[in-house]
Amino acid sequence: MSKSFEKFLSEFKVIEPAKRKQVMDDAQRDLRLCISGKDRFNGLTYSIISRLYCHYAMSIADQKRLDKIGASTINSPQWKDLSEEINAFVSGLPDELREHCYTLPVSGNEVASFATFAVRKKGSYKAGLPMTFVLFLCNLKDSDALKREYLRLMLNQEEQQVPSRLLNALSSRLELPGAQGNVVKPTLGLSLNFEVQQDHYDEMSSFVRSFVHGEDGCGHMVVYRPMRSDPNKIIKSFTAISPPERARNDKHSFVFTHIYKAPKAGGRTRIGSGKILPLEQGLYFVGGQKPQAEKHSPGSNRTPFTSMKILAIRWVDIRAGHSVIPGLVMSTNYTGKLISSRVAIRLSPAQKSDDLDLKPFPASELFENLEKDVEVEKKAIELVLKGEPEQRTAWHYENTQRFGAHLTSNNEEECHELLSEIEREIIKYSNNAPNSASDWRVPDGFIREQGRRSDTLDDTELMAAIGNSLKGTSGSTYEKEGEKFDLWSHVRFAPLQID
């Protein structure tokens, strides 16, 4: 084996078994997508990988011609000889890696099928075989076999780099030395088991499926919250919920993906993902978030999360059946500071985050922002309404209330009124300013109230109120002038930064 591949093996064996399996399963999945033409494998296409096999098999024939005195022509590709090399290579692998390979022996026909694009035509392939072919190429890095005269003449620069790029791709997925030579410590997979009541799970399932829409089979939500550095602006993000039947291994979990564009980080996107837990006190979206990696970057799907993403919704708000739902969120802002905030959640038929403008905007422009989103959402609905009459009627009945009647109404005046009501609800639910029924105020810069700011309560008084409420024995209450009130309802604040 080449020294580069031996180093990879030594690092691979020290990774915990669950981590090894996860990485190899993800790589196998990405290879299948690559073979079907739906994606690249860390920047490499199936045609580039398979062409290298064709050239390599021809180089065996050419070497035979050179070794045989008097031979004047190159024989056909030596698939049988190549398969024997592959079998010998796999047999010498440690058990930890060989268990992810194809069960030997690999036949000459199987090598030829992979190298001559017959696999692409069939649309599927045997488990473990593509990874076996990739590992064999990884072992060729720096090997004498790639220095044969035929290969030096026939391989272009991109094909010559295939073994190195494949090995770097696998190393990056293990978070070992990658293409740039940067060393990242291996990570561990941690898990928590939550037991949930069946009726809560059924209610969650019913809720999500009530607004599942589109070809991706997911439910979609737009989330609004005040901006930490400027509460007069709104941060808008996008969340997709995937039902358990779309998962490969988990038969019960509803999974979410959250997309958020950092306001002062050059528009860089952050991505969060996790599971939805239907607990006794509410529905909790629990997961992690991290900067979204560039597409096809090595090991991007295994980059560790940098922080938590938690979103909480009360059952009573879900049962109300409204299209805009209040909630609480704990996450980090674009500077990495932990924050907590009230949020408004709007159910949406939009399919992709790219379809909606996720840049922060002034609260005064919320109505105009909603109008732009409605244009996108109406087009998504029109696709359904062009379907069969039975499907159209059933969809309209089930989803009009969930998404909002403004999306299917043909009355312009009515649509404007309905959209104005949604605007008011978003401002109400996402606003951390004091309740209008209370005479409490918050510090300058902390309130969003019709575009104006108030500064009648300083930081010390605000924190004293919070501290006293946490020490109280009668729940989340604080007494001011002999009158108790609910802290969260009356003394709201911009996203609370946790230093």
query: Would Val223 and Val329 count as a side chain to side chain contact (heavy atoms under 4.5 Å, CB included) if you check the C-alpha gap in whole Å, the side-chain angles of each, and the deciding distance to 0.1 Å?
result: CA-CA 10 Å; Val223 183; Val329 68; over 6 Å; no
Those residues that, when tested against His200, pass ring pair (Phe, Tyr, Trp, His ring centres under 6.0 Å) (two or more places apart): Trp315
statement: CD1 (Ile235) and NZ (Lys261) are apart, to the nearest 0.5 Å, by 12.5 Å
field: Partners passing side-chain hydrogen bond (donor to acceptor under 3.5 Å, both in side chains) against Asn369 (at least two apart in sequence or in another chain)
entry: Lys236
task: Using distance alone, with no hydrogens and no angle criterion, decide if Arg270 and Thr332 have a side-chain donor and acceptor under 3.5 Å apart.
output: yes
field: Point-to-point distance, once rounded to the nearest 0.5 Å, from OG1 of Thr257 to CZ of Phe285
entry: 11.5 Å
- request: If a pair satisfies salt bridge (Lys or Arg N to Asp or Glu O under 4.0 Å) and one of its residues is in residues 309-331, list it, with sequence neighbours excluded.
  value: Glu203-Arg319, Arg314-Asp317
- prompt: What's the shortest heavy-atom distance between Phe403 and Pro349, and which atoms?
  reply: CE2-N, 3.5 Å
- request: Evaluate the criterion side chain to side chain contact (heavy atoms under 4.5 Å, CB included) for residue pair Ile234 and Met227; output intermediate values, then yes/no.
  value: CA-CA 5 Å; Ile234 292 177; Met227 186 173 174; over 6 Å; no
field: By ring pair (Phe, Tyr, Trp, His ring centres under 6.0 Å) - contacts of Phe133 (at least two apart)
entry: Tyr53, Phe114
- prompt: Thinking salt bridges, do Lys379 and Glu375 make one under a 4.0 Å N-O criterion?
  reply: no
field: Pro244 and Phe254, any side-chain heavy atoms less than 4.5 Å apart
entry: yes
query: Which atom pair, heavy atoms only, marks the closest approach of Ser2 to Asn139?
result: N-OD1, 3.1 Å
- prompt: So, Arg346 side chain and Ser323 main chain: donor-acceptor pair closer than 3.5 Å or not?
  reply: no
Side chain to side chain, Leu283 and Pro278, heavy atoms closer than 4.5 Å: yes
field: Backbone N/O of Ala344 and side chain of Glu425: donor-acceptor pair under 3.5 Å
entry: no
message: Looking at every non-hydrogen atom in both residues, tell me the closest pair between Pro243 and Cys218 and how far apart they are.
response: CD-CA, 4.3 Å
Under the ring pair (Phe, Tyr, Trp, His ring centres under 6.0 Å) test, residues paired with Phe305 that sit two or more places apart: none
query: Heavy atoms, side chains only, cut-off 4.5 Å: are Tyr224 and Leu366 in contact?
result: yes
field: Those residues that, when tested against Thr45, pass side-chain hydrogen bond (donor to acceptor under 3.5 Å, both in side chains) (two or more places apart)
entry: Ser47
statement: Scanning both residues in full, the closest heavy-atom pair of Phe367 with Ser420 reads CE1-OG, 3.5 Å
statement: Scanning both residues in full, the closest heavy-atom pair of Leu97 with Phe8 reads CD2-CE2, 4.2 Å
message: Do Asp26 and Arg29 have side chains that approach each other closer than 4.5 Å (heavy atoms only, starting at C-beta)?
response: yes
Heavy-atom check, side chain of Leu311 versus side chain of His258, under 4.5 Å: no
field: Non-neighbouring partners of Lys372 that pass salt bridge (Lys or Arg N to Asp or Glu O under 4.0 Å), sequence neighbours left out
entry: none
message: If I take atom CZ from residue Arg225 and atom NZ from residue Lys233, how far apart are they, to the nearest 0.5 angstrom?
response: 13.5 Å
task: Would you check, one step at a time, whether the test ring-ring contact (aromatic ring centres under 6.0 Å, His included) holds for Phe89 with Phe5?
output: CA-CA 12 Å; Phe89 161 73; Phe5 193 77; 5.6 Å; yes
message: What I'd like to find out is whether the side chain of Ile325 reaches to under 4.5 Å of the side chain of Phe207, using heavy atoms alone.
response: yes
- request: Could you check Trp79 against Thr116 for side chain to side chain contact (heavy atoms under 4.5 Å, CB included), going step by step and ending with a plain yes or no?
  value: CA-CA 11 Å; Trp79 303 120; Thr116 57; 4.1 Å; yes
- request: Name all pairs fulfilling the salt bridge (Lys or Arg N to Asp or Glu O under 4.0 Å) condition that reach into residues 276-286, sequence neighbours left out, sorted by first residue then second.
  value: none
task: Report the distance from atom OG of Ser164 to atom CG of Leu137, rounding to the nearest 0.5 Å.
output: 12.0 Å
- request: Report the C-alpha distance between Glu96 and Leu9 in whole Å, list the side-chain angles of each, state the deciding distance to 0.1 Å, and finish with yes or no for side chain to side chain contact (heavy atoms under 4.5 Å, CB included).
  value: CA-CA 9 Å; Glu96 294 86 349; Leu9 288 180; over 6 Å; no
message: Quick one, Tyr102 and Val90 - any side-chain contact, counting heavy atoms below 4.5 Å?
response: no
message: Does either side chain, that of Gln198 or that of Asp202, offer a donor lying less than 3.5 Å from an acceptor on the other one?
response: yes
- request: Please list, chain by chain and in numerical order, all residues satisfying side-chain hydrogen bond (donor to acceptor under 3.5 Å, both in side chains) with Glu423, sequence neighbours excluded.
  value: none
statement: One should read off an interatomic distance between Leu31 CG and Met24 CE, to the nearest 0.5 angstrom, of 9.0 Å
side-chain contact (heavy atoms from CB on, under 4.5 Å) partners for Val286, two or more places apart: Leu277, Tyr284, Met308
- request: Answer with yes or no whether the side chains of Glu110 and Ser83 bring together a donor and an acceptor at under 3.5 Å.
  value: no
- prompt: Hey, what do you get for CZ (Arg20) to CG (Asp25), rounding to the nearest 0.5 Å?
  reply: 12.5 Å
query: Taking Thr306 for the side chain and Gln289 for the main chain, is one N or O donor matched with an acceptor at less than 3.5 Å?
result: yes
- request: Using the test side-chain hydrogen bond (donor to acceptor under 3.5 Å, both in side chains), find all partners of Ser205 that sit at least two apart in sequence or belong to another chain.
  value: Arg209
- prompt: Side chains of Ile49 and Leu166: does their closest heavy-atom pair fall under 4.5 Å?
  reply: yes
task: Can you see which heavy atom on His252 is nearest to which on Tyr201, and at what distance?
output: O-OH, 2.6 Å
field: Which residues share a ring pair (Phe, Tyr, Trp, His ring centres under 6.0 Å) with Phe238, sequence neighbours left out
entry: His220
